[in-house]
Amino acid sequence: MSDDRPGIESDDSVVDPANPYTLQRADDHHAFWADAVADRVEARVDDQRERGVRDRDDPIVVKGGISPSGVPHLGNVNEIMRGYYVAEVLRERGHDVRQVFTADDRDPLRKLPRTLCDLEGNLVDLGEVDAGALGRNLGAPYTDIPDPFGCCDSYGEHFSTIIQDSADAVDVPIELISNTELYETGAFDEMTRYVLENRDRAREVLADYQDKVDDDYVPFNPICEECGKITETVTGVDLEGEPSVEYRCTDMDAGERPIDGCGHEGTATLREGKMPWRFEWPTQWEILGVDFEPFGKDHAEGSWPSGQDVARNVLEIEPPVPMVYEWFTLDGEPFSSSEGNVVLVSDVLELLESEVLRYFFAKDPAKARDFSIERLDQLVDEFDRLEAVYFDEVDADEDETAFAKRVYPLVVEEPREERIRLPYTFAAVLGMTDDPDLREEIARREGHVPDDAPGWAVEGALARVEQARNWARRTGNEFDYELKRREIPDHEFDDATEDALAELADYIEEGHDPDEIQGEIYETAKRHDVDVGDFFGAGYRLFFDEEQGPKLGPFLAKVDREFVVDRLRRER
RNA sequence: GGGCCGGUAGCUCAGUCCGGCAGAGCGUCUGGCUUUUAACCAGACGGUCGCGUGUUCAAAUCGCGCCCGGCCCGCCA
């Protein structure tokens, strides 16, 4: 209806602003998806200013949100990072931007999670906390349930805290907003009342999306004053004076088994309950003034279509610019706390730098991806390449260059050309020794650290060694070298090899340079007619219980001589 | 069954919006690093762009049909 200018033929390829999928296809081509999204947000803001429904100094609001229902895993970081990039692009363009994040903590606990985690991110089995207390609270809002760890005011606050910690860890400033608080402080009052006043229209709109909406449907779910559970059966609405609803506490359908209601009949004010999600979400847009919100693909065909309809035709507001992001998997499997397939932000940051994690979320949101711990080296290599392309250190085609130039400055805190990145798998190998000086020396000798490198750059490079070692240990992969000091690994050598090892021991006992030892390994093998590769293999077996390892000569020269000699003689 | 998103080298992915030589990294193989092991350097091998079809001088790219995977179309969020 907006485009009826004569002579302009309708064109199906025109981007539909209500379609959350088409965001990446804007009129102007951008190397980075967030620029295309920002164009749309700006168009929305301009339009609202022109129509006089928006003040010039109102900030642009980017929103995200999740229920603090349990272990906040890496998938939830989409909700933080996708909004962040759009917020940053808009800030870059000179806008004042708030990134708000709702903890949807008035939602009821619908089923018991099998796994929880403490504030440090340690996973804990349900059986290790008071599961009974949680079970009795099924159906109650997260913020009304005691924290099973006893460290926070409620279950909801416990997991909200971890969400906030995750955002801090990836250096994204969010304003965390408790949904319960919005109800309790009255921020929802006016809109809740409005929706109840217009409940006929609310019903009519929602009935197009949900079959259960009938003439008795009331868009408000009170909390039972008797048992504390959220109930769905409203028997009367009174909007005169202090608005309230009458209810009967009935069973709630929660998937496999219903949550029993207590049968209590009572009265609740509009602060003592919540709107159903399909109304609550659009209402949050209005209360918080939301201009942009990314959401997972599960919302794309359900909540979003009804949400924008409710916004326009019940609340009479313009819904925010939407964007769908694809879900990703963890080592090929869906995230699942019950199956133990979860990883927290804090876990991931023990394995790589936060910049690398931020980079992961800068990639095209429309593509489903696998976050592979097993192949984390690939992701880190990809990031290192992005960085090198940005600094013109490697050749890349036009597209890759454009992406790197645009995205890299948003991914890191500050581009610093003198930074040093040890290749991730090499860093893992360096983790074989705990000696920081030895790590640095080997890194220098192998040419990864320039002689004139500034101290901060060397420090930064070596910081990766800890992370890469954690990765190698966690995955137990071929880079998991560990000097087997305490006991000698199982081994079986032929006589010639044993003689050669004995001779090498004598040589090392005399004291020689790293390079001399390396040379002597070859010479000794040749003298005893042992295959050089096999002889190195024997060395790796004795010291690492592996087939491969670091360059052996220089390494043996650095470990204390008595131990090396004894081990070569297989005495300890 | 209907709607939507994705499918490109062994692996991970870019390129698709705007049609114009099929790309990168890893892996593999060969060679180099004045003595084969991680790393590093050079080169090689590697493709039915899910399948079919239409449009076009020209299709990974646009249209249509189909196949496979995921999400939604009950409730909840």
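Letters A, B, ... are given to chains in the order of the sequence lines, protein chains preceding strands, and every chain is numbered from 1.
In this structure, Lys212(A) and His448(A) both approach RNA chain B, and ranking their closest nucleotides by distance from the 5' end singles out His448(A).
Remark: aromatic rings of Phe391(A) and Tyr408(A) are close, center separation under 6.0 Å. Between Phe220(A) and Tyr247(A), the gap from one ring centroid to the other reaches at least 6.0 Å. In this structure, the ring of Phe295(A) has its center less than 6.0 angstrom from the ring center of Trp281(A).
Taking atom CG of residue Asp384(A) and atom C1' of nucleotide rA39(B), one finds them 14 Å apart after rounding to whole Å. We find that CD of Glu387(A) is positioned 22 Å from P of rA24(B), with the value rounded to whole Å. One atom, CG of Asn221(A), and another, P of rC75(B), lie 13 Å apart when rounded to the nearest Å. Across the protein-nucleic acid pair, Leu376(A) atom CG and rC13(B) atom P stand 13 Å apart, rounded to whole Å. Taking atom NZ on Lys297(A) and atom P on rC5(B), their separation rounds to 11 Å, with Å as the unit. The NE2 atom of His299(A) sits 18 Å away from the C1' atom of rG3(B) (whole-angstrom rounding). Atom P of nucleotide rC13(B) and atom CG of Leu379(A) are separated by 10 Å, given to the nearest angstrom. Atom pair Glu382(A):CD and rC11(B):C1' shows a separation of 12 Å (rounding to whole Å applied).
Comparing rG25(B), rG74(B), rG3(B) against the side chain of Asp211(A) picks out rG74(B) as the nearest. Closest contact between the side chain of Thr425(A) and the listed nucleotides rG3(B), rA77(B), rA39(B) involves rA39(B). Distance from the side chain of Glu326(A) is smallest to rC5(B) among rA38(B), rG15(B), rC5(B). Closest to the side chain of Trp277(A), out of rU35(B), rA77(B), rA38(B), is rA77(B). Side-chain proximity of Asp298(A) to the nucleotides rC76(B), rC72(B), rA39(B) is greatest for rC72(B).
A close approach under 4.0 Å does occur between a side-chain nitrogen or oxygen of Lys367(A) and OP1 or OP2 of rG7(B).
For Ser303(A) against rA77(B), a side-chain-to-base donor-acceptor contact under 3.5 Å is present.
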side-chain contact (heavy atoms from CB on, under 4.5 Å) assessment of Glu326(A) paired with Arg369(A): CA-CA 8 Å; Glu326(A) 270 283 341; Arg369(A) 291 171 203 286; over 6 Å; no
Please step through side-chain contact (heavy atoms from CB on, under 4.5 Å) for the pair Leu568(A) and Phe543(A), ending with a clear verdict. CA-CA 9 Å; Leu568(A) 287 172; Phe543(A) 289 95; 3.8 Å; yes
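Nucleic acid contact class of Gln210(A) (heavy atoms, under 4.0 Å, all strands): sugar-phosphate only. Heavy atoms of Arg369(A) sit under 4.0 angstrom from primed sugar atoms or phosphate atoms, though from no base atom. The residue Val429(A) sits close only to the backbone: its heavy atoms come under 4.0 Å of sugar-phosphate atoms, none of a base. Residue contacts for Leu552(A): at a heavy-atom cut-off of 4.0 Å it reaches a base atom on one of the strands shown. Within the 4.0 angstrom heavy-atom criterion, no nucleotide atom of any strand lies near Trp281(A). Across all strands, Gly302(A) comes closer than 4.0 Å only to sugar-phosphate atoms, never to a base (heavy-atom distances).
With both ends at atom P, the span from rG70(B) to rC76(B) equals 25 Å, rounded to whole Å. Nucleotides rA44(B) and rU8(B) place their C1' atoms 22 Å apart, quoted to the nearest Å. rG63(B) and rG19(B) have their C1' atoms separated by 13 Å, given to the nearest Å. Rounded to whole Å, the separation between the P atoms of rG65(B) and rC5(B) comes to 13 Å. Nucleotides rG25(B) and rU34(B) are separated by 32 Å at their C1' atoms, to the nearest Å. When the C1' atom is used for both rU61(B) and rG20(B), the distance is 11 Å, rounded to whole Å. Comparing rG15(B) with rG3(B), their P atoms sit 28 Å apart, to the nearest whole Å. Comparing rG23(B) with rC49(B), their P atoms are spaced 13 Å from each other, to the whole Å.
Under the 3.5 Å distance criterion, with hydrogens and angles disregarded, a donor-acceptor pair is assigned to the side chains of Glu520(A) and Thr524(A).
Under the 4.0 Å criterion applied to side-chain N and carboxylate O atoms, Glu440(A) and Arg444(A) are assigned as salt-bridge partners.
For the pair Thr233(A)/Asp216(A), no side-chain contact is recorded, criterion being any heavy-atom separation below 4.5 Å from C-beta on.
Nucleotide rG19(B) forms a pair with no other nucleotide shown, judged by Watson-Crick or G-U wobble geometry with both contacts under 3.5 Å. Within the shown strands, rG3(B) is the pairing partner of rC71(B) under the Watson-Crick or G-U definition, both distances less than 3.5 Å. Across all strands shown, rG43(B) forms a Watson-Crick or G-U wobble pair with rC29(B), both key distances being under 3.5 Å. With a cut-off of 3.5 Å on both Watson-Crick or G-U wobble distances, the partner of rC66(B) is given as rG50(B). As the counterpart of rU12(B), rA24(B) is assigned, both hydrogen-bonding distances of the Watson-Crick or G-U wobble pattern falling under 3.5 Å.
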What are the atom names and distances for every N/O pair under 3.5 Å that joins the protein to nucleotides 26-30 of chain B?
none

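Asp392(A) meets the side-chain hydrogen bond (donor to acceptor under 3.5 Å, both in side chains) test with Lys405(A); sequence neighbours excluded. In this structure, the ring-ring contact (aromatic ring centres under 6.0 Å, His included) partners of Tyr424(A), at least two apart in sequence or on a different chain, are Trp471(A).
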